[in-house]
Trainee: 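Quick one: structure below, then a few questions.
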Number of protein chains: 2
Amino acid sequence: MRILSEFDQEDRKRKLLQAVIHEYIKTGKPVGSAHLASGYRLDLSPATLRNVMSELEEEGFLSHPHTSAGRVPTDKAYRFYVDAIMDVQHLARLEEERLDREYKARMQEIQDLMLSTSKTLSALSKYTGFVWTPGMEKARLQHVELIPLEPRRILAVLVSDTGMVKHRIVSFDSPVPPAFLGDLRTLLNEDLRGKPFSEARDTLMDHVDRITQRHMDLMEMARRLAREAFSTNEGDFYLEGAGSLFSLPDFQNQEEMRSLVHLLDEKTHLGEMLSKEMGETAPGGKSKGVMVRIGAENKSPGLRNMSVVSSSYVVNGRPVGLLGILGPKRMEYSRMVAVVDAVSRLVSQALGRMTEK
Amino acid sequence: MRILSEFDQEDRKRKLLQAVIHEYIKTGKPVGSAHLASGYRLDLSPATLRNVMSELEEEGFLSHPHTSAGRVPTDKAYRFYVDAIMDVQHLARLEEERLDREYKARMQEIQDLMLSTSKTLSALSKYTGFVWTPGMEKARLQHVELIPLEPRRILAVLVSDTGMVKHRIVSFDSPVPPAFLGDLRTLLNEDLRGKPFSEARDTLMDHVDRITQRHMDLMEMARRLAREAFSTNEGDFYLEGAGSLFSLPDFQNQEEMRSLVHLLDEKTHLGEMLSKEMGETAPGGKSKGVMVRIGAENKSPGLRNMSVVSSSYVVNGRPVGLLGILGPKRMEYSRMVAVVDAVSRLVSQALGRMTEK
DNA sequence: TTTTAGCACTCACTTTACCCGAGTGCTAAC
DNA sequence: GTTAGCACTCGGGTAAAGTGAGTGCTAAAA
């Protein structure tokens, strides 16, 4: 019988914790000492495992649903797992190639791209996939067009450098002179190109006088056009595969289900929440650009017993949106991180192709 | 003792049926004879009610969940109720005025309009509200604009007479000459104005030669532009308040819930289904433009124990989309019909203002 | 002939009791 | 330090019993 050094002790503990997490992720049932002893080659008796497990419980890594049940990993355990133990998987080559082909093939329209992406995320994860496209606030203005539909109706089209297009029809009480429109368009394109939308609107409001010196009576008109066409929109939130969560044993009881539905129902809220949460400092780890938020790490009470794996996607080196998956805490983090990472790269590439060509 | 004429008999039966439906709509629990006798001034003993009810059951208007339970209205009963008994309510004046103000005030952007509308429907009904905006297939082309963003990237903007705008960026391998673009734009606007989108695309493909006689090498380019810019998009489906259904006693058991989630998860499908169903002949009734589909009247299995109250909304006298609510069969049809009718009018008006001014 | 009272019967639902077994914590032996 | 043994816990499943709303039927009353 050999005496274990402190290092060995800790190492064993870690391996055990890993085993528990693994098993729980697989089965969803609290894992007991005997089960563990037989399933994993730990060469220890159930009794010993019980001792170590109770230590782990004291340290806050495991918890007991009730006295006579096996152990369940806590948020802290998952966090430890993600940070220190987990190996980030790679997608199977086949899978990756198929995805790559799909993205190269038929991703033309930005909305389709986002929709398919959230579907893809859902399909790969078997959980809920989401994509958050922020409003244009952060995007930079690339091009402005003002198209007279009728004398009193103007179609304003704004194109951002991220390839997003926003349009807005503005109706006036009196006809808008074409010359005025031309001037305004020139002004807009000269002055505002490259500026962030939010800034552009303000600049525009200031500069609108320059043009209205010639068309004094049109001042208000220009103001209104600026105000309405540049009004902030809130961005889109795509959510797919919400149903898949309901088949999981994790969300079986009525209450759980109810709150889940409620959560998913409020898409808009959810989008805001996620984007806010993600905007903050990412819990660290070896996860490249991918963030993992486990259970109570999510500020929103609705997400308290879920995990979110997310990553921002990038155009021209700038992060412009967020995508990821929503699933039970008990998820295969290593695979999920790989999925989110891969998809976020693909989306970034596709957007790049759409805007830079 | 007076002998009842056949008319009186039938009248009584009808009143009874109405009472049962009413009570069931209110409580959601099978209604028994005693309950009915005490709650409604029918001046009949439970025993008599039982007799009449069993007749109604034979005729297919009522059903028994099990031998010793009260009666539950069948689809047929609801249908009869909607067609023959129900008084279409009016919204309370206050409610209506508030709605009116809201719609007049801040409905500028078409997408906002639709989103708010589905939210409004959900709020008024306490069930799920939906709005279906068809693709542009049916809309007529009003204006086409081709904007060069960069030499090799063209932004095509299509405006329909219903005020919808569709845009699409098309990238080419080689620069597109501005003159060519101008020609194409002129051609498009002259030839295609007023044509339905689907037709426009075909016409365009045919006529594209006319222009490419001058720019032979650009033929393929024009083709591609036409094909991609005019590609059919599928329309949007807005769905709000899905969660509210889950609090209803009607969908409490697991299986019910699961299938409901599944249904709502497939927004796209749902949109198609509804639009298909609604396109067909509306079950008649005194319900103005509002259609009511009860339970199995819906072809889609997922809707079998729900009811759909819907109405199309109109621009320039042409129905261009569909909106309504989705709820349990046991719903206050009279109010729901009023809600859907009112909202559909408001949307039609708002769209009218957006397009005609 | 229609309505009503009376009554036996049904059947979902609830409550209670019970058992089973996986799993623990502790103690004492290895 | 590790393990075997053992009493104990407690959720979950199942069966039995009780409850009550509601029915269908029959026979009497109107």
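Please read these numbers as outputs of a predicted model, since none were measured by experiment. Any value given below was found using the heavy atoms of this structure, including those in side chains, with hydrogens, waters and symmetry copies removed. So that the names make sense, note that chain A is the first sequence line, chain B the second, and so on, each numbered from 1.
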Trainee: In whole angstrom, what separates B:Arg50's CZ from D:dT23's C1'?
Mentor: 6 Å
Trainee: How many whole angstroms separate atom CG of B:Asn51 from atom P of C:dA5?
Mentor: 13 Å
Trainee: To the side chain of A:Leu44, which of D:dT3, C:dG25, C:dT10 is closest?
Mentor: D:dT3
Trainee: Taking any heavy-atom pair under 4.0 Å as a contact, classify A:Ala69: base, sugar-phosphate, or nothing.
Mentor: sugar-phosphate
Trainee: By nearest atom, which of the nucleotides C:dT10, D:dG11, D:dT9 is closest to the B:Thr67 side chain?
Mentor: C:dT10
Trainee: Would you kindly check whether a donor in the side chain of B:Ser68 faces an acceptor in the base of C:dT10, or vice versa, at under 3.5 angstrom?
Mentor: yes
Trainee: Could you check how far CE of B:Met53 sits from C1' of D:dC25, rounded to whole Å?
Mentor: 17 Å
Trainee: Quickly work out the A:His66 NE2 to C:dG21 C1' distance and round it to whole Å.
Mentor: 12 Å
Trainee: Could you tell me how far apart A:Leu56 (CG) and C:dG25 (P) are, to the nearest whole angstrom?
Mentor: 12 Å
Trainee: Quick one: is A:Ser33 getting a side-chain N or O under 4.0 Å of the C:dG23 phosphate, OP1 or OP2?
Mentor: no
Trainee: Side chain of A:Arg12: nearest nucleotide among D:dT23, C:dG25, D:dT2?
Mentor: D:dT2
Trainee: Just do the salt bridge (charged side-chain N to carboxylate O under 4.0 Å, His left out) check on B:Glu95 and B:Arg335 with the steps written out, would you?
Mentor: CA-CA 12 Å; B:Glu95 226 171 6; B:Arg335 177 174 166 80; 3.0 Å; yes
Trainee: Between P on D:dG22 and CD on B:Glu23, what's the gap in Å once rounded to a whole number?
Mentor: 10 Å
Trainee: Compare all side-chain heavy atoms of B:Leu56 with those of B:Lys13 and state whether any distance is below 4.5 angstrom.
Mentor: yes
Trainee: At under 4.0 Å between heavy atoms, what does A:Thr48 touch on the DNA or RNA strands: base, sugar-phosphate, or nothing?
Mentor: base
Trainee: Could you check whether atom NE2 of A:His262 has more than 12 heavy atoms from other residues, nucleotides or ligands sitting under 6.0 Å from it?
Mentor: no
Trainee: Whole Å only: how far is the CD atom of B:Glu55 from the C1' atom of D:dG24?
Mentor: 14 Å
Trainee: Heavy atoms, side chains only, cut-off 4.5 Å: are B:Met306 and B:Phe251 in contact?
Mentor: yes
Trainee: To the nearest Å, give me how far apart CZ (B:Arg71) and C1' (D:dG22) are.
Mentor: 9 Å
Trainee: Please check if the number of heavy atoms outside A:His22 that lie under 6.0 Å from its NE2 is greater than 12.
Mentor: no
